[in-house]
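To keep things clear, I will list the structure first and then write my remarks on it.
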Amino acid sequence: MPELPEVENARQVLALAVGREIASIDDRDEWLCRPHRAGDIATALKGGRLTATHRRGKTMWCDTETSDGDEGPALGVHLGMGGRIVVTDPDGDRIGGGTKRPDRRPRKAEWDRFTIDFTDGGQFRLFDKRRLGRIRLDPDLSDLGPDAENMKPAEFRDRISRGRSAVKARLLDQSVLAGVGNLLADQTLWQARIDPSARANELTRTELDRLHRNLNRALADAVENGGVHTGNFIEHRHTGGHCPRCGTEVERGKVGGRTTWWCPKEQHA
DNA sequence: AACAATGTTCAGTC
DNA sequence: GGACTGAACATTGT
């Protein structure tokens with residue numbers, strides 16, 4: 001689930017945990033809480049509270065303050081491939097996240113990989129089946145490019161075309177710009193009618209601007225419709241799928257290390 | 001059983 | 001040294 005639109009949604013849920021006093025923390029999963037040892041995060045934050053939430057691309061972090069009111073370490077939260085944020089009220093009911101429908105999918109307790117208990121009885125949980133999410137103190141953001149949303153056209157052109165690799169690989173590179181994932185990249189390239197394998201530095205200015213406009217459009221659509229999976233190309237992204245514009249059967253390959261689908265008729269150099 | 005999965009990182013190569 | 005590529009990572013679902 002998590003690309004920029006999903007993560008922004010998760011951040012808004014996380015914001016509902018701000019200001020609540022931390023009673024205890026379960027950080028026993030040393031894989032997720034790397035590179036800390038179990039208890040490190042609990043010790044650092046117990047008695048304190050989250051004071052603000054931030055997001056850049058797919059990375060979130062919270063400012064914290066200690067029980068003395070001093071500034072505490074930032075709490076980094078990354079959803080990985082399939083993590084979700086859960087925040088509950090004192091009754092244990094989930095809050096935030098738009099849809100109030102209780103999820104009926106089976107959920108195992110051990111899939112809650114990190115938990116904060118607040119003194120009011122509510123919780124913050126990182127739910128992550130695949131265990132590729134990350135919780136860390138003072139996360140290093142220095143390798144993250146600017147957030148993919150609201151980039152200036154010139155900045156987008158410069159950063160994307162700076163490298164010689166496939167344009168899709170540039171879109172996925174979080175140090176070039178932060179927030180685009182595999183689905184959003186395929187959706188954007190299809191909308192822009194650009195071959196995912198095209199060398200980034202060989203794109204014309206017109207193509208780069210078209211790519212940028214369509215990234216913004218795909219982003220806005222995903223935010224409005226509730227996720228990158230709602231993109232109108234994504235549903236055709238499977239064997240036997242057809243381009244919703246021209247009807248050509250979509251092709252599948254590997255670009256930028258990820259499975260890639262595109263319309264071979266409309267997306268080529 | 002084998003493979004893919006909406007992500008990141010590390011080792012290896014040019 | 002930088003840029004780039006592919007495998008590895010842990011786990012689940014098909």
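Quick caveat: nothing in here was measured; it's all calculated off a predicted structure. No hydrogens, no waters, no symmetry mates; every other heavy atom, side chains included, goes into these values. Residue numbers begin at 1 in each chain, while the letters A, B, ... track the order of the sequences.
For A/Arg34 and A/Trp31, the positive end sits near the middle of the six-membered ring, less than 6.0 Å away and at most 45° from its axis.
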For residues 255-265 of chain A, dump all side-chain donor-acceptor pairs below 3.5 Å to protein atoms at least two apart in sequence or in another chain.
{"residue": "A/Thr260", "atom": "OG1", "partner": "A/Lys168", "partner atom": "NZ", "Å": "2.7"}
{"residue": "A/Thr260", "atom": "OG1", "partner": "A/Val255", "partner atom": "N", "Å": "3.4"}
{"residue": "A/Thr260", "atom": "OG1", "partner": "A/Arg258", "partner atom": "O", "Å": "3.0"}

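Scanning DNA chain C for stems, defined as runs of 3 or more consecutive Watson-Crick or G-U wobble pairs whose donor-acceptor distances all fall under 3.5 Å, gives the following ranges: B:2-5 with C:11-14, B:7-14 with C:2-9.
Considering only side-chain N and O atoms, A/Lys58 lies nowhere under 4.0 angstrom from the phosphate OP1 or OP2 of B/dT6. Residue A/Arg258 has a polar side-chain atom (N or O) positioned under 4.0 Å from OP1 or OP2 of B/dT6. The phosphate of B/dG7 has neither OP1 nor OP2 within less than 4.0 Å of any side-chain N or O from A/His78.
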B/S/- along nucleotides 5-14 of chain C (protein heavy atoms under 4.0 Å) is S---BBBBS-
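Under the 4.5 angstrom side-chain criterion for Ile, Leu, Val, Met, Phe, Trp and Tyr, the cluster partners of A/Leu144 are A/Trp61, A/Leu141.
Scanning for side chain to side chain donor-acceptor pair (under 3.5 Å) contacts around A/Arg217 gives A/Asn214, with sequence neighbours left out. In terms of the side chain to side chain donor-acceptor pair (under 3.5 Å) criterion, residue partners of A/Thr204 (sequence neighbours excluded) are, by chain and number, A/Glu207. Taking the side chain to side chain donor-acceptor pair (under 3.5 Å) definition, one finds that A/Asp112 meets it with A/Arg125, sequence neighbours left out. Listed by chain and number, the residues in a side chain to side chain donor-acceptor pair (under 3.5 Å) with A/Glu266 are A/Arg245 (sequence neighbours excluded). In this structure A/His236 satisfies the ring-ring contact (aromatic ring centres under 6.0 Å, His included) test with no other residue, sequence neighbours excluded.
The list of side-chain hydrogen bond (donor to acceptor under 3.5 Å, both in side chains) pairs with a residue in residues 223-235 of chain A, not counting sequence neighbours, reads A/Gln187-A/Asn232. Residue pairs meeting the side-chain hydrogen bond (donor to acceptor under 3.5 Å, both in side chains) criterion with at least one member in residues 64-74 of chain A: none, sequence neighbours excluded.
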All N/O pairs under 3.5 Å across the protein-nucleotides 12-14 of chain B interface:
none

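Remark: C1' of B/dA4 and NZ of A/Lys254 are 8 Å apart, rounded to the nearest angstrom. For the pair A/Ile135 CD1 and B/dT8 P, the computed distance is 15 Å after rounding to whole Å.
Salt bridge annotation for A/Asp209-A/Arg205: present, with a cationic side-chain nitrogen under 4.0 angstrom from a carboxylate oxygen.
When each of B/dT6, C/dC4, B/dA5 is scored by its nearest atom to the side-chain atoms of A/Glu6, the top-ranked nucleotide is B/dT6.
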